[in-house]
Structure formats: C-alpha cells, structure tokens
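For reference, the structure is listed below as structure tokens.
Residue numbers start at 1 and run along the sequence shown. Because the structure is a prediction, the values reported are computed rather than measured. Counting starts at 1 for both ligands and their atoms, in listed order.
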Amino acid sequence: MTEIQSVHGRRVWDSRGRPTVETEIQVAGGGVGRAIAPAGASTGSGEAVDLRDGDQTFGGYDVRNALAAVEGEIAKALVGMDAADQNAVDQALIALDGTPNKSRLGGNAIVATSMAVAHATAAARGVPLWHSLGDGTARTMPLPEIQIFGGGAHAGRRVDVQDFMVMATGAEDYAEALDWTARVYLAAGKLMADADKLQGVADEGGYWPAFDTNEAALDMLVRSIEAAGLVPGEQVTISLDIAASEFGSAGRYRLGLEGRELDSNGLSEMLLGWLERYPIVSVEDPLGEDDVAGLIAFTAAAGEKVQIIGDDYLVTNAERVRSGIEKGACNAVLVKPNQAGTLSEAKAAFDAAMAAGWGAVVSARSGETEDVTIVHLAVGWCGTQLKVGSFARSERMAKWNEGLRVAETVGSALPPVSAFPWGR
Ligand code: 2PG
Ligand code: MG
C-alpha cells in the first residue's frame, strides 16, 4: 500500500522570492505527498547545507542541481521502498548523500523528500499527517511563539536582536492565543504608526525595527501588550531570539546599533538585566554557537526561571542536544527539520530533549512557503511549542491557520504551564 512508485522534484519559490525544492512522492494505491524545503538566513555552522547552484542565476540561489538529485539519484534509491518506514527511507537518503552535512545531494533536496514521504504515507492511510506521525495520540496544541518585531539578519541588522516575540501564556487555548496575538500585533502597528516608525515588515512579517536601542523595542513590546488590553507577564509574555552568533564569535560581541563591543560576560549581564526588567520567559541563542562556556554560565544564572533555547548551537542534532544536557548549556532545543536534513534526525533531537525534561520548540525558517508540515510535526509528536514567525504574510498565516484546522480534531487546549521550562 505504501510502496514508493515515483519521486518528482519541482522548482517552486519561497517567501524571499528565491527558488526552492518541492518533492512529490506517489505510493502504490495512489497516495500522494508533497513538501517544500524552507531556508534559513541566520544559519548555524553545523546545519545541513542546501545545494545552491552558485552561478549567475538568481544570485546563485538556484536549485537546479538539487532538483536533478531528487529526480535522479534520490528517485532511483527510493522507488520500491516502503514510505511507511520513515527511518529506513531517511537512512537511505543519508547513506546516498554520504557527507556529514548533506552537501552532496543538498539538505534542501533531502528534507523536501523526507517530509514528502511522510505526507505520502499519511495520504495512503487516509489520515492527516499529525495523526499518521503520532498514532493520533495528540491531545493538546502547541503554544504559539509569535514575532512582533523582526531584527538582526531578517531586517538588514537594523537592531541586533533578531526576534522580539510574544507568547500568550495565559490563554485558554490555541485559538485564544492567536486572538490575543492578533490584538498585540495590531496594537504594535498602531503604536509604531503613532511614533512615526511604521516602515513595513521584516522577513518573517514582524514590524521593521525602527528603534534607536534594543531596549526601545522591548519597551514598545510591553506597551503593545498593554495597549491590546492584556497583562504583560501574566496573560502575554515575551520571548527573544538573540541570534548572538550573527553579531559575535570567540566570545566577542559587537552591538551594531549602540556601537559597543561586549565580551561573553558583558552580553550575559545585559540579558540578565533585561530578564529583571521585562516579562521575558524564553531566550534563544543568548550567546554565540561557539561560546559554550558562555551558554553554560548563562544557563546556570537564568535557567531556573526562563527557557534557554539552543538553535545555532544545537542545530537540531540529537548528539549535540545530549552534549548540551550533559554540560548544562541551554534547557530547550529549537527543532528545524531542515537543519537536520531528515525527519528521523529531527525527531531524534526532539526526543532527546523531551526525554531529559528539556523544552522543544518546533520551528519554521525565515525563508518559508505555504508548506505546513511543521504544524503537523509539532502536534503529531506531542510538542508543546511552535515558532513560525509573525502574524502576517501568508507563508506564516498558512501555518497558524492549519493549526486551527488540526485543533478541530485534536482540541484547542494548550499544554499545562508545568510542561514548559519556565513553569517548573
Ligand atoms: C531562527 C530562524 C527563525 P533563520 O534563527 O530561529 O526565526 O531564523 O531561519 O533565518 O535561521
Ligand atoms: Mg534562532
């Protein structure tokens, strides 16, 4: 019923207007699944690498070689395999590529194929993907983490911090979390317009950060929550992705906005000060991917009360997650399937975190499409958090809206606060 019959690669376009890879798989019995590779801008050095043509076409971002890999080598290896055996398919993809970072066939070719296989299996079974992945055991929806201001590499480095986000931690359910976030997003837009700072949006749909300091963005975020008629710190909390690898390495950090340089301790102190002054419950990549000592020190100082997410440092890699757990660096992992390259590897990183009582946040990339696979992963794996970007632009809204559809079957309830690292 689920024997792979055909594998087809298609060139489609992402939210930055760049080419990307869509794979379509057909299995015996007629089930068809397709998935599209997303793309990061602030990538960790340990991620699976996309295969880009690197020639004159589309700034070197074209994917004809990756598509040729899907239609050629990958199709040849996968036709005849059982799509329902995701692990066997993923192992075949890993072996076929043969490199540690999937650079030969391309992380983009491999992740689109790996996800398409899961979709084809679900289609053959006649159930939604979340159900097919988790045997339908999901009973809660993940808590949305939603960007209000974009920054860093997603906004021409206008401010240093990459994502200023909110989480409707006091919301009754998933639907209410979206309602509250919509109110905050609208209120932020109005405040930006009133302050003559409304200049459009950044890569993930958050408002363009026309601020003089990083703190000014935090102040405006708190005011936006209040202006939406919600209580900061009780109903709606703040979550930041510092993405520190983008402005520092070897323990030296250059805050472009303020024109000053900080060492690892200095950056930590600045962030710990923010934790005192603002209702922040989650901080991603507070220090650079190579600053493990800094991550350990920051986790020791703040890990009891806030979630500390490793993105560039852990790159959705189970071994790295286990090493982070051992060292006490971070207490949560960001799970991006294309950082790992295959669904099985992403799931292994997710499982390693959950087994240790860590948080796990299933995440989109800054370059996205209408593909909604990550919503199904978060629900099907019984994940507790989902990060998709802002509350605008349809590559983001497609995912929040898919969550509303899934919630009609799963129920809209959110996980209890004890499920989160900041709630224990
Ligand atoms: C991140 C992501 C999403 P990118 O850093 O967490 O915000 O960005 O996809 O550019 O790596
Ligand atoms: Mg990040």
Checking a contact table here: which protein heavy atom is nearest [atom], and how many Å away?
| atom | answer |
| --- | --- |
| atom 5 (O) of ligand 1 | Q162 NE2, 2.9 Å |
| atom 4 (P) of ligand 1 | S366 OG, 3.5 Å |
| atom 6 (O) of ligand 1 | K387 NZ, 2.8 Å |

If I consider every N, O or S atom in [X], which one ends up closest to the Mg ion (ligand 2)? I only need its name.
| X | result |
| --- | --- |
| E284 | OE2 |
| D241 | OD2 |
| D311 | OD2 |

Less than 4.0 angstrom from a charged side-chain N to a carboxylate O is my criterion; do E402 and R405 meet it? yes

Which part of L334 is near ligand 1, with near meaning a heavy atom under 4.0 Å away: side chain, backbone, both or neither? side chain

Mode of D203 contact toward ligand 1 - side chain, backbone, both, neither (heavy atoms, under 4.0 Å): neither

Should T43 be counted as touching ligand 1, given the test is an N or O pair under 3.5 Å? no

Candidates H154, K336, R365; heavy atom nearest atom 1 (C) of ligand 1 found on K336

Taking 2.8 Å as the cut-off, does an N/O/S atom of D285 lie below it from the Mg ion (ligand 2)? no

